[in-house]
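We name chains A, B, ... by the order of the sequence lines, and we start the count at 1 in each one.
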There are 2 protein chains.
Amino acid sequence: MTGTEGAEEAPDPIRRRPGGRAARVRAAVLAAAMDALAEGGIAGFGVADVAVRAGVNESTVYRRWGSREKLLLDAMLTGSDAGIPVPDTGEVRTDLAAFARALAEYMATPLGGAVARAATLGSDDPVLAESWRTFWQSRLDQAGAIVRRGVERGELPPDTDTGLALELLCAPLQTRALLGHRPLEPDLPERLADVLLDGLRSRDRN
Amino acid sequence: MTGTEGAEEAPDPIRRRPGGRAARVRAAVLAAAMDALAEGGIAGFGVADVAVRAGVNESTVYRRWGSREKLLLDAMLTGSDAGIPVPDTGEVRTDLAAFARALAEYMATPLGGAVARAATLGSDDPVLAESWRTFWQSRLDQAGAIVRRGVERGELPPDTDTGLALELLCAPLQTRALLGHRPLEPDLPERLADVLLDGLRSRDRN
DNA sequence: ATCTTAACGCAAGTGCCCTTGCGTTAAATC
DNA sequence: GATTTAACGCAAGGGCACTTGCGTTAAGAT
């Protein structure tokens with residue numbers, strides 16, 4: 001139902017036009033989307049508004065992206081690549097605490113909150129969910145360097161689960177931002193790093 | 001702008017009618033909302049649909065609850081009070097693992113996922129956010145018995161932060177369900193309990 | 001320079017969330 | 001039983017996400 005006159009599904013079914021106006025429109029819309037997110041977060045994020053900001057018709061946005069959620073995803077993938085800096089202080093504890101602190105500050109911004117909220121919305125559609133999975137995996141791999149360096153230095157056992165460790169560190173910060181759980185105390189990042197490394201039972205410090 | 005002829009803001013400004021039809025309508029709508037959530041989760045949750053299920057006009061729902069999110073909140077507060085059973089096995093580790101397992105299973109159901117998603121939506125409005133805060137606090141207090149019993153038995157230090165401990169246990173499960181992060185492995189609850197108690201460094205078991 | 005057509009602008013329309021005015025029902029009071 | 005009025009049903013409408021058909025623009029190939 002896709003091919004019309006033979007085997008033409010592998011390389012390029014139809015002639016695309018990646019240069020000129022198309023690229024200009026795409027860049028303008030994504031930039032406008034990031035601006036709108038940075039201003040009002042996800043609450044006031046509307047396709048019509050983004051289209052006006054980009055100087056583009058609303059139908060164009062829907063034809064290229066398909067839905068509000070897909071536009072959100074693409075904007076995140078394109079404009080939020082910088083992400084959170086991964087510290088390298090030479091010690092696992094300080095690295096984890098610094099990363100957690102940076103994450104907490106980022107989640108407090110309209111843009112940071114929008115990332116998490118957009119991801120929750122995208123978990124309905126299986127295709128979007130898969131894209132978000134790779135998005136999170138990419139970020140997890142970056143921050144995973146903290147744990148991997150800790151293992152190399154002998155600070156952590158060799159069989160340490162990198163993903164699980166970072167999940168335990170980041171998940172509380174994300175849920176607080178998402179659910180409005182409770183305010184993010186300034187010392188929370190350090191306390192999370194402490195419990196993560198030593199567990200609840202050994203409370204020698206503090 | 002609320003009072004019309006004096007000081008009548010403290011006890012009861014106007015004569016309410018808690019009996020009869022009003023209570024019947026309220027119960028019918030909330031029950032219909034829970035049914036709709038259990039079937040399709042938050043995705044297909046519509047006010048018009050709930051109104052039809054309850055045999056009530058749509059405008060009635062909006063006059064009593066105000067918005068889709070407020071209706072969601074009230075339905076959760078009323079119908080999801082049962083919550084997750086808090087185990088009492090006599091040991092902290094097994095209690096934490098069992099509770100985490102029950103939470104993971106609940107979050108996998110349409111209703112469980114709807115609770116978390118409804119809470120993320122409600123974090124925009126300050127009034128709703130406060131209601132959700134008390135909702136989570138109530139659940140946290142219930143589960144906090146696990147940690148408190150552990151402290152009493154001497155399994156945990158006296159200065160253990162109950163809230164932080166449960167947050168570290170539950171947050172990863174919630175983010176996985178909310179963000180579609182990655183599938184919930186069956187052994188995840190136990191591993192979370194292990195790391196939470198002993199930390200990443202002491203990996204004697206496993 | 002000319003042709004082909006992907007991509008865009010315009011306009012009309014659907015569905016859902018939400019609001020509002022008006023008449024009606026029925027709960028609470030007398 | 002008669003009266004008052006809170007709460008409901010009905011109907012019309014605005015706003016936003018999303019779709020679609022049609023004519024126009026301009027990128028890429030000849």
Side-chain angles (χ1 to χ4, degrees), chain A residues 4-5 8 12-30 32-33 36-37 40-75 117-118 121-122 124-125 127-128, chain B residues 2 4-5 8 12-30 32-33 36-37 40-75 117-118 121-122 124-125 128:
Chain A
T4 49
E5 37 178 343
E8 50 184 8
D12 201 337
I14 50 178
R15 280 233 176 76
R16 293 289 157 196
R17 302 188 180 184
R21 183 171 61 167
R24 202 159 50 242
V25 167
R26 174 180 156 84
V29 170
L30 290 179
L37 281 176
I42 265 203
F45 184 83
V47 179
D49 173 54
V50 172
V52 171
R53 283 170 184 262
V56 164
N57 193 271
E58 190 181 356
S59 62
T60 296
V61 179
Y62 277 107
R63 259 188 273 260
R64 286 184 65 89
W65 281 274
S67 74
R68 178 173 173 268
E69 279 72 30
K70 293 178 185 172
L71 173 60
L72 276 169
L73 171 65
D74 202 12
R117 285 163 208 284
L121 297 180
D124 293 326
D125 183 0
V127 181
L128 258 75
Chain B
T2 310
T4 47
E5 36 178 344
E8 50 185 8
D12 201 335
I14 50 177
R15 280 231 177 76
R16 294 288 157 196
R17 302 188 179 184
R21 183 172 60 166
R24 203 160 50 243
V25 166
R26 173 180 157 85
V29 170
L30 290 180
L37 280 176
I42 265 204
F45 185 83
V47 178
D49 173 55
V50 172
V52 172
R53 284 170 185 261
V56 166
N57 192 272
E58 190 181 356
S59 62
T60 296
V61 179
Y62 277 108
R63 258 189 272 261
R64 287 181 65 89
W65 281 274
S67 73
R68 178 173 173 265
E69 280 71 30
K70 293 178 184 172
L71 174 59
L72 276 169
L73 171 64
D74 202 12
R117 284 162 208 284
L121 297 180
D124 293 325
D125 184 0
L128 258 75

Evaluate B:E69 against B:L128 for side chain to side chain contact (heavy atoms under 4.5 Å, CB included), listing each step before the verdict. CA-CA 8 Å; B:E69 280 71 30; B:L128 258 75; 3.6 Å; yes
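- We find the CG-CZ distance between A:L71 and A:R64 to be 11.0 Å, quoted to the nearest 0.5 Å.
- Note: CZ (B:R63) to C1' (C:dT20) measures 8 Å, nearest angstrom.
- Toward the 5′ end of DNA chain C lies the nearest nucleotide of B:G66, the other residue of the pair B:R24 and B:G66 mapping further downstream.
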Assess the residue pair A:W65 and A:V47 against the criterion (side chain to side chain contact (heavy atoms under 4.5 Å, CB included)); give the C-alpha distance rounded to whole Å, side-chain angles, the decisive distance to 0.1 Å, and a yes or no. CA-CA 10 Å; A:W65 281 274; A:V47 179; over 6 Å; no
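- Closest to the side chain of B:Y62, out of D:dC8, C:dT19, C:dC8, is C:dT19.
- Atoms CZ (B:R64) and C1' (D:dG9) sit 15 Å apart, rounded to a whole Å.
- Checking D:dC18, C:dC17, C:dC8 against every side-chain atom of B:R68, the shortest atom distance belongs to C:dC17.
- A:L37 contributes atom CG, which lies 5.5 Å from atom CG of A:L72 (distance to the nearest 0.5 angstrom).
- Protein atom CD1 of A:I42 is 14 Å distant from nucleotide atom C1' of D:dA17, rounded to whole Å.
- Nearest nucleotide to the side chain of A:S67, out of D:dG9, D:dC18, C:dC17: D:dC18.
- The pair A:D74-A:K70 does not count as a salt bridge, with every side-chain nitrogen at least 4.0 angstrom from each carboxylate oxygen.
- Checked against D:dC18, C:dC8, C:dC18, the side chain of B:E69 finds its nearest nucleotide in C:dC18.
- Looking at every heavy atom in both residues, B:F45 comes nearest to B:A36 through CD1-CB, 4.2 Å.
- Rounded to an integer number of Å, the gap from B:L121 CG to C:dC16 P is 18 Å.
- Counting distance only, with no hydrogens placed and no angle test, the side-chain atoms of A:S59 and the base atoms of C:dC8 include no donor-acceptor pair under 3.5 Å.
- Whole-Å rounding puts the A:E58 CD to D:dA17 C1' distance at 8 Å.
- Distance B:R26 CZ to D:dC8 C1': 17 Å, rounded to the nearest Å.
- Proximity of A:L121 to A:I42: side-chain heavy atoms (C-beta onward) are separated by under 4.5 Å at one or more points.
- Distances shown here put every side-chain N or O of B:N57 at or beyond 4.0 Å from the OP1 or OP2 atom of D:dC8.
- Of all the residues in residues 43-51 of chain A, not one reaches under 4.0 Å from DNA chain C with any non-hydrogen atom.
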